[in-house]
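The structure appears below as structure tokens.
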Amino acid sequence: MRERMFWIACFILAISAVGLHLTAFSKVGNGVRVFSARTKVEAVGSQTQSVQAEVRHDFKVGEIFRSAGMVLAMLSGIMLFVSVRRNEPVRHTMPVICLACYLLLQFVLI
């Protein structure tokens, strides 16, 4: 187990990065949904301000999750590099596939 320590850390970080990015998509999608639902209905001034605050909050939380996912993906890449350099006796395809999925998620638009 000790000989695969960096690979395990790399794989867990890669999965966490993908999960955080998908959570960011969810938060931003929720903000867009609330904004579009509230703009269809003519709202009073105070309701409009509260809706805008809620949408801004969702976008900000989504940005935080996206940034945290990026940090985890970078750490996973570093751990993968260390794992390869240490010649750990394990295939490195699973973390590479997770990181490739994370990279492809960068091009998805909501």
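From a predicted model like this one, the values you see are computed outputs, not experimental measurements. Just so you know, these numbers use all the heavy atoms, side chains as well, and skip hydrogens, waters and symmetry mates.
Shown here are the ring pair (Phe, Tyr, Trp, His ring centres under 6.0 Å) partners of Phe11, two or more places apart in sequence or in another chain: Trp7. Contacts of Glu63 classified as salt bridge (Lys or Arg N to Asp or Glu O under 4.0 Å), with partners at least two apart in sequence or in another chain: Arg66.
From Arg4, atom CZ reaches atom CZ of Arg86 across 12.5 Å, with rounding to the nearest 0.5 Å. Distance check: Asn30 CG to Asp58 CG gives 4.5 Å after rounding to the nearest 0.5 Å. Expressed to the nearest 0.5 Å, how far CD1 of Ile64 lies from OG1 of Thr23 amounts to 13.0 Å. To the nearest 0.5 Å, atom CD1 of residue Ile12 and atom SG of residue Cys98 are 11.0 Å apart. Between the CE atom in Met70 and the CG atom in Leu75 there is a gap of 12.5 Å [rounded to 0.5 Å]. Here Leu13 contributes atom CG and Ile8 contributes atom CD1; the two are 12.0 Å apart, rounded to the nearest 0.5 Å.
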Would you sort out whether His21 and Phe65 count as a ring-ring contact (aromatic ring centres under 6.0 Å, His included), showing the intermediate values?
-> CA-CA 6 Å; His21 201 78; Phe65 280 135; over 10 Å; no

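Scanning both residues, Phe25 and Leu105, for their nearest heavy atoms gives CZ-O, 3.5 Å. Looking at every heavy atom in both residues, Ser83 comes nearest to Glu88 through OG-OE1, 2.7 Å. When all heavy atoms are compared, the tightest approach of Gly62 to Val28 is CA-CG2, 4.1 Å. The heavy-atom pair separating Pro95 from Cys10 by the smallest distance is CB-SG, 3.4 Å.
Taking a 6.0 Å sphere around NE2 of His57, one finds it holds 12 or fewer heavy atoms contributed by other residues, nucleotides or ligands.
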